Amino acid sequence: MWREKGCFQSAINSQGVVVDEKKHGKNPYVISIPPPNVTGRLHMGHALNNTFQDMLIRYKRMDGYDALWVPGTDHAGIATQTVVKKMLDAEGIDYRELGREKFIEKIWEWKQKFGGIILQQLEKLGCSCDWDRTRFTMDEGLSKAVVKTFKTLFDEGLIYRGKRIVNWCPVDRTALSDDEVETKEGGEPGFLWHIKYLYADGTGHVVVATTRPETLFGDVAVAVNPKDERYTKLVGKNVILPLQERVIPVIADEYVDMAFGTGCLKITPAHDPNDFEIGSRHKLEPINVMHEDARMNDVVPERYRGLDRYICREKAIEELKKKGLLVLEEERMTPIGRSYRSKAAIEYRLSDQWFVKMKPLAEKVLEKHSELNIVPQRWNKVYLEWLHNIRDWCISRQIWWGHRIPAYYCVRDQSLKTKDQCQEACPPIVSETMPEKCPHCGNTNIEQETDVLDTWFSSSLWPMSTLGWPEETPDFERYFPTTTLVTAKDIIFFWVARMNMMSVHFTGKLPFKNVFLNPVVLDEKGETMSKSKGNGIDPLVVINGSTLEDLKHPVMEARPSNMKEIIKRLEKTFPEGFEGVGADALRYTLIYLSSSGQQLKVSLNSFQDLGRRFMTKLWNAARFIMMYVEQENEKGDSVSIDFTAHITDEDKWIHTRAQLAANKVRECFDNHDFTNLGQHYYQYVWNDFCDWYIELCKVRLISDDAVQRKTALHNLITAFAKTLIILHPLIPHITEELWSKILPLGDKNELWGSARPTTEILMQASFIEKRDIAFEEQVILERFECLKEFVSDVRTLRKSYNIKEAQNLSAHAYALDDAAKHLLAQSQATISRLAHISDLTVLKNRDEKPGRTVAIIHKSYEIYLDVSEYVDVEKEKARLSKEIQKLDNHIVSLNKRLQNRSFVENASSEVVAEQRESLSANKEKLQKLEQLLTDIASW
RNA sequence: AGGCACGUAGCUCAGGUGGUUAGAGUACUACCUUGACAUGGUAGGGGUCGCUGGUUCGAGUCCAGUCGUGCCUACCA
């Protein structure tokens, strides 16, 4: 419905045409979505992240901004390639045999079919993106942006190609950036093997400790620390590499830690980044011993060739043992880097890769840092830390799916097949289009680089490229820089920092003003949700529901160690499956649980307990109002009423509370502080509107006086309309539906008066203006507090004597201040109803209070309840004594404080006055209570 | 190894710039079902604010230390 009516459109549509003049005059508010992977399926993290964005964009839209939320997906190089590869595997097709072009075609086919799923899921969640502007990182325009960026950075010397040690994933057979490698805290169980390397001159041996014996075939030296006296005389000597019998030198290098292992380090430059550095310092040629898939290559002795690295390790150890060269096998936790995608242990591999020189880019971003508002603020530190210790970014990936690097090699000699060899001939040519001939030698046989770019390279341009950059489109002119980025903390480096770099470098501006980092969604035990643990909660299950079987499915798939237990619990908790609670309940629950930006624990139950409960309550409140409106309609008294003339205190009160709620909600949105947002909503809807206001209105709704009834209905419906407006950004579906119901209903019965909403669609209504509370409203609030306390006091007392509600009581009340006086004069009927008092007498004079009554002494009023028949004198004495005791303690502490000269001298005069006032009021109350105690003794 | 956060009621969490007797939701207990809602209402019990010191007239709040938990970065042949 919203989409059909163009509710998600900004002032300029996707074609660049101004479609809304009025909005066009307003300030833009722009969010570009963190593009989910095109292979992605909605998970709780997405649900939370996008709920925040939708809330903000809806709020700003209602608040009159020209709001634009740009959606899209990213091509997720390795992930997508893997998905399609597996699909082809299942069909018995080997993607390598298929060839690059055919494979890419297959991926596009797949994307056409399934690539839109996650966006549809977002729409289901209620996301009010401008779907006409949906982008994909491999779109033509966005690809052009990538090529242009690459070319420019290369020309500026900020992109270079070089032979480096990179993180290599042997499963996906590609390089990975440092950020794509994760190391488990504390390492993983492994061994440190101590191996004898014999001197070449046969005079003895050294012992080298290593965790990776299979790489010894790539050793080019043994290094010791020059300060290590144990080994100084060794430097310059030669040793024999075991298993291969190659002769290598002993060298001295500061890097070696004397205290670690034996103090002797084998140097394998092709398989370790530190060794690579040491190797190049000593001008030692690296020796690569593995294929791309981490099988041993032909450099190693024949018996090891073609073996997987781990099998080779086992065989090598066996052989070393046999030869007596293995001195010690020491158990040890070793750090193992793993690909964040394939989870395979990464191999360090020496290869030609493309890099971005990050330091100059980072420096520019640091200069602009004061213009960036990161919320919560503490993430500034993390972000700055990374920028200060920046390392170059390896952007080439040896896969097929992605933006192929716009670099070309001159292939003069057809026999030179590898690109390394080509490069030796002529330097690579970087160009936006395929060059016709080599500018260096004129050769026309040119081939494009086979590597593609890291997906994050295109993502780093996202806020710009989605708006048309590098073209100067109307979109880019008006909507860039964007306003707010909502994302997760774990991609601050991957994404946020890099977007900032690109944007500042190319446009001179940061791509957004605010970065809000949303909390992390965890399961009920506080563990991260993951497929492998089977503890994830599918947002769509929460929305639509699921059978018990489907609930079990992810757990069965993951097979965690406590699977039986989990399954049992599911069977017990959801024997009939899980009944869907809808998108609004999902959204409400997630936001309600979002505390100050830490973590957020959810279970399936929490969606029922928090979200669904709240939606039901709201729904029932609406039902109540609509029911009475219908009834009124049947009565058919068509009197036209000046609603303002008959407005009551409670009407004024609820309108004031609505205003306060709107103010608070605004504050939450404006400050990106959602800590208490859910509670503000809850308190206003549940406590203010339902518990008190609706209850109070009942008196008038059942009255015989049409004016009273209609006035109550008018205020009920107008206050409820405000409630829907305030709630709409968080729970758009239900509020929109109720809006469409109450509008015509109010019209039919002429209940709106001058407060008739001007928009038929709630989403297009204006949010409630921020306004301070006027003095008279403050007075109303105070009176109401008095009323609440009055009623509660009576209820409490009644409970303490087990007097049923059905039993009406008679009471005398005496007012001590203006609020209470007003209350007793105006609201006797409501008080009587809420407190179940049949007969309330207002005392003009305190002395007129009746005997044999139980008293409530309050600072604003005194109530005397005629309950003597229920009262046990001893019990009442005890009650009073207890209260007196409590009060007395308090008075003593107040006294002590006020008698302390330092307090009176140092504390602010206001505080002192407050304490004095409190003391005298409490003393007075104490006196009264003591009097009551004496009185009761004579019952 | 360094950094960041957190530790308040059984559980999940609120508690700007220090100021009466520390709050909410949930769970628990008791009572209440003919008209919005039992997915409800009313009321009640429940906390030495991790621990130890310090600053202060006054500390859940500020400082130092300590213990515990979680996360991040780096690194360990």
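Here the structure is a predicted model, which is why all the values come from computation and not from measurement.
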Can you check whether [X] has a side-chain N or O nearer than 4.0 Å to OP1 or OP2 of [N]?
| X | N | answer |
| --- | --- | --- |
| Arg798(A) | G44(B) | no |
| Trp619(A) | G40(B) | no |
| Asn906(A) | C57(B) | yes |

What does [X] touch in the nucleic acid at a heavy-atom separation under 4.0 angstrom: a base, only the sugar-phosphate, or nothing?
| X | answer |
| --- | --- |
| Thr796(A) | sugar-phosphate |
| Lys896(A) | nothing |
| Gln608(A) | nothing |
| Trp193(A) | nothing |
| Ser893(A) | sugar-phosphate |

Distance check, [atom1] atoms only: [N] and [M], in whole angstrom units.
| N | M | atom1 | answer |
| --- | --- | --- | --- |
| A22(B) | G46(B) | C1' | 14 Å |
| C49(B) | G23(B) | C1' | 12 Å |
| U61(B) | U55(B) | C1' | 14 Å |
| C4(B) | C63(B) | P | 13 Å |

For Phe720(A) and Phe689(A), run ring-ring contact (aromatic ring centres under 6.0 Å, His included): C-alpha distance rounded to whole Å, both residues' side-chain angles, the deciding distance at 0.1 Å, then the answer.
CA-CA 8 Å; Phe720(A) 193 65; Phe689(A) 197 87; 5.7 Å; yes

Pairing string, 5' to 3', for RNA chain B - Watson-Crick or wobble contacts under 3.5 Å, brackets [ ] where pairs cross, | to another strand
(((((((..((((.....[...)))).(((((.......))))).....(((((..]....))))))))))))....

Is a side-chain donor-acceptor pair under 3.5 Å present for Thr215(A) with Lys266(A)?
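A pair is found: one side chain offers a donor N or O, the other an acceptor, under 3.5 Å apart.
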
Contact state string [nucleotides 71-77 of chain B, B base, S sugar-phosphate only, - no protein heavy atom under 4.0 Å]:
SBBSSBB

Return the polar atom pairs (N/O with N/O) between nucleotides 28-35 of chain B and the protein under 3.5 Å, or none.
from   : atom 1 : to        : atom 2 : distance (Å)
C31(B) : O2     : Lys799(A) : NZ     : 3.1
C32(B) : OP1    : Lys804(A) : NZ     : 3.3

Using 4.0 Å as the upper bound for N to carboxylate O, is an ion pair formed by Asp793(A) and Lys788(A)?
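Between Asp793(A) and Lys788(A) there is no salt bridge, as every charged N stays at least 4.0 Å from the carboxylate O atoms.
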
Side-chain ion pair, Glu254(A) and Lys227(A), N-O less than 4.0 Å:
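Result for this pair is yes, salt bridge flagged.
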
